[in-house]
Protein chains: 2
Amino acid sequence: MTQLEAAMHGKITDAMLYIAAKERKDPGEIRELVGSGRVIIPANSNHATLSNFTGIGETLCVKVNTNIGTSYDYINADEELEKAKVAIEYGTDTLMDLSTGGDLKFIRETILEICSVPLGTVPIYETEFRVARKSSVYDMTADDLFEVIEEHGKQGVDYITVHCGVTWESLKKYRNEERVTGIVSRGGGLTAAWMLKNKEENPLYKYYDRLLEIAREYDMTLSLGDGLRPGSLVDSTDRSQISELLIMGELVERARKAGVQTMVEGPGHIPLNEIQTNVHIQKKLTKGAPFYILGMLPTDVAAGFDHIAGAIGGALAGWHGADMLCYITPAEHLGLPTVQHVKDGVIAFKIAAHVADIARGNKASTQRNREMSEARYRLDWEKQFELALFPEDARGIFGERSSKTEACSMCGPFCPMNLVEQTLRKNKFAEV
Amino acid sequence: MTQLEAAMHGKITDAMLYIAAKERKDPGEIRELVGSGRVIIPANSNHATLSNFTGIGETLCVKVNTNIGTSYDYINADEELEKAKVAIEYGTDTLMDLSTGGDLKFIRETILEICSVPLGTVPIYETEFRVARKSSVYDMTADDLFEVIEEHGKQGVDYITVHCGVTWESLKKYRNEERVTGIVSRGGGLTAAWMLKNKEENPLYKYYDRLLEIAREYDMTLSLGDGLRPGSLVDSTDRSQISELLIMGELVERARKAGVQTMVEGPGHIPLNEIQTNVHIQKKLTKGAPFYILGMLPTDVAAGFDHIAGAIGGALAGWHGADMLCYITPAEHLGLPTVQHVKDGVIAFKIAAHVADIARGNKASTQRNREMSEARYRLDWEKQFELALFPEDARGIFGERSSKTEACSMCGPFCPMNLVEQTLRKNKFAEV
């Protein structure tokens, strides 16, 4: 039984109990949310190291996903493992292995061994990788694709990105519209190119029931990838994007009926003033499917610092209802990230998610901020480090410059928390 | 004549012409905006090195301010000069020297010598510094304060923060309300403490006309400091804060009548879901005075990375109408920033301002993003670096990992801009 089926049958699973405790919710409420498909719990029963169950969706904390993986140009399994460890240490809620170079199965196995959070993949990458070595990516068959998907399920992958919404229907909308950056999704682009070359419908759409069967067997969550997402602000929220979303909405409902958990992936390059609209239209058209967004990235020109630009868009989207933010690193649009880039990306997006949680009214987040402020007012540094999102980094900066006072080296004796407030407290406003 | 007086008399100054060209606006429109007080041009005629005139306010690009300056614990004039240079190099629109340690006049002089952008100060810091060395900060007199303000005007300071809104009236509202972090503005806290100790009204409020006279003489813009701004999310948008804003609104109108340019400073620690309200209420209550905000910072617990959290809040505020964002560095709440911290802070806030400009519909910003996307689609790397906000940083990351293909090391031969799109273009959708 998948988590969705269990919930629909009124059963509260161990994963639901774990998540209820983590999110400070009633287990019955979690069961209800999972049963309606508005919350998912990606948890393949073959993923033995999965100890930190994660719920993604309505009313829960906003989650962060970290992408890692080798590329054609850089194949170093150890470095990718190191990235996975750093991401988990800094609090990533899920991890995706997007490797496209080297021994893909081995790399995935190595990562799964230490992966306490849900692991996602994009099976078309491995499929194309295999086919390309034999002949051309265009020679891929539906069987090639489903074979890889089945293998990922068996191996313990918790969710897979499947670009099911790239179909003749959405490609027709794409054809009728001018775009500056065309298709920027690797999987979506490969799918579209394969379809055009072979004059065939997307096998993941055509044989969606077969996909659902495999997904159900392993309780592998489907992450409906947005192959037609905009790759630039000028292409944002266009007909191609929304046409694909319409199809994904239908596929969400079919999956739910089959007992398969689904979420929907979203953009991408979206200006700040279109973010709320993007979240609301996704929630409406998919009947509240968890929304897993890439950024959102509200400018195209922050190369080198896209983690910061992405955190801006991600926070706003999270506040308005996006449920998981795929992080972006400083290396986005420039190259394969280093371990440091991964760390920078996770930090920026954990901050964005936390900022969104506060705006969404999450009580535990609000309480943590209150306690931090109380500690700050008392000049209780140890407590401040403890409550900071990243204690060691905060402690490090504090330690760089010591102060001769109990305040920090910025204000010293003029610290308003200290001298000034003491006067105010002593006088108790008797004189006002 | 101040810029405001010139504008009211129908005169278009050189500074207005310069700004019109920079902002791609009609000079007549700039004159009108300045004449109404909705745009300010901080430009003290004694600031000889001021070459990059800056307009702050409605319909213009969102600006970024950088704070530098020595502290009680760290006095190194060379390092502060280095910070000033880095901030200007990375595009800060204005600079504030907040020094509170060492030879304050000399430090300011050194900075003014290289300061091509408007320079701001907080005269009460120097006043308290002088008084504290002789006796106690509580012995400050109104004359002590005005003496320093006059000196700053003579020296060429373009704008000064004056906490005129900390008055008996706003302190009564403060007294009637529980706050977790009390008063967190250094100048505001000193003013309040001085008032309580001496049972005197704030001299900057009591003798506001004297302040206006000095300001008018040097065309030194008044930045009405928010001494009662919230220092934590739990204190946000409270009666103390808004009570002070009401007073500042009145002071803006008195300044305009006296021909003195003013802007209004704003928070501070504000959750994401209160940012729009904060900007709109400021614009209403001050009749459209330029809004210069500190952050805004939408979480209290991002110590070590407050530049990222602040960029999130700043972008949202900028979109909704804030006109200048005071940057925050990674060292905020922890210590006096290093040169690297200053650089990190400026970068994060320049990105936030740009993201806001796009959302505000700024045409030049939108066009730059379009050109970047076109270059990205063509895999024209040199053009991408040229259009990036921080070209050298982008080039640096790109260069860290080379690719065997013309794409970057992330996707290599699977680059959707490349292989896939070529197929799509070649097939021209004839088969769809």
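The sequence lines fix the lettering, A, B, ..., with proteins before strands; numbering per chain opens at 1.
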* Using non-hydrogen atoms and a 4.5 Å limit, figure out which bit of B:Thr338 sits close to chain A: side chain, backbone, both or neither. => both

* Structure fact -> Residue from A:Gly412, A:Gly304, A:Ala359 scoring the most non-hydrogen pairs under 4.5 Å with chain B is A:Ala359

* Is there side-chain contact between A:Phe385 and B:Leu334, with at least one heavy-atom pair below 4.5 Å? -> yes

* To do: Name the region of B:His341, side chain, backbone, both or neither, that has any atom closer than 4.5 Å to a heavy atom of chain A.
  => side chain

* Does the side chain of B:Leu336 come within less than 4.5 Å of A:Ser409's, by heavy atoms? -> yes

* side chain to side chain contact (heavy atoms under 4.5 Å, CB included) with A:Val234: which of B:Glu371, B:Arg370, B:Glu374? -> B:Arg370

* To do: Considering only heavy atoms and a distance below 4.5 Å, find which of A:His354, A:Glu274, A:His333 pairs most often with chain B.
  => A:His333

* Structure fact -> Cut-off 4.5 Å, heavy atoms of chain A, and the answer for B:Ser402 is both

* Asked: Is it the backbone or the side chain of B:Pro391 that comes under 4.5 Å from a heavy atom of chain A, or both, or neither?
  -> neither

* Which heavy atom in B:Val137 sits nearest to a heavy atom in A:Phe414, and how many Å separate them? -> CG1-CE2, 4.2 Å

* **Side-chain touch B:Ile312/A:Trp319, heavy atoms, less than 4.5 angstrom** => no

* To do: With the side chain counted from C-beta on, respond yes when A:Ser232 and B:Arg376 share a heavy-atom pair under 4.5 Å apart, and no when they do not.
  => no

* Are A:Thr299 and B:Asn369 close enough that some pair of their side-chain heavy atoms sits under 4.5 Å apart? -> yes

* To do: Would you check if the side chain of B:Arg368 reaches a backbone N or O of A:Asp300 as a donor-acceptor pair within less than 3.5 Å?
  => no

* Option that, when pairs with chain B are counted at under 4.5 Å, heavy atom only, ranks first among A:Thr70, A:Leu316, A:Val355 -> A:Val355

* Segment of B:Ile347 engaging chain A (4.5 angstrom heavy-atom cut-off) -> side chain

* To do: Could you have a look at A:Arg401, A:Met372, A:His269, A:Met410 and say which one has the most heavy-atom pairs with chain B under 4.5 angstrom?
  => A:Arg401

* Structure fact -> Counting heavy-atom pairs under 4.5 Å with chain B, the top scorer among A:Ile358, A:Thr100, A:Ile275 is A:Ile358

* Asked: Are any non-hydrogen side-chain atoms of A:Phe305 and B:Leu389 less than 4.5 angstrom apart?
  -> no

* Pick from B:Cys411, B:Pro271, B:Ala331, B:Gly313 with the largest number of heavy-atom pairs that fall under 4.5 Å of chain A -> B:Cys411

* To do: Among the options A:Ala394, A:Ser365, A:Ala315, pick out the one with the most heavy-atom pairs lying under 4.5 Å from chain B.
  => A:Ala394

* To do: Given side chain to side chain contact (heavy atoms under 4.5 Å, CB included), test B:Thr405 with A:Tyr72 step by step and report yes or no.
  => CA-CA 9 Å; B:Thr405 71; A:Tyr72 172 81; 4.0 Å; yes

* **Least distance between heavy atoms, A:Pro330 atom then B:Ile397 atom** => O-CD1, 3.5 Å

* Between B:Ile351 and A:Ala302, which heavy-atom pair has the shortest distance, and what is it? -> CD1-CB, 4.2 Å

* So which part of A:Ala407 gets closer than 4.5 Å to some heavy atom of chain B, the side chain, the backbone, both or neither? -> neither

* Structure fact -> Highest number of heavy-atom pairs under 4.5 Å with chain A among B:Asp393, B:Asp357, B:Val180 belongs to B:Val180

* To do: Look at atom CD of A:Glu79 and say whether more than 12 heavy atoms of other residues, nucleotides or ligands are closer to it than 6.0 Å.
  => yes

* Do the non-hydrogen side-chain atoms of A:Thr366 and B:Leu233 ever get within less than 4.5 Å of each other? -> no

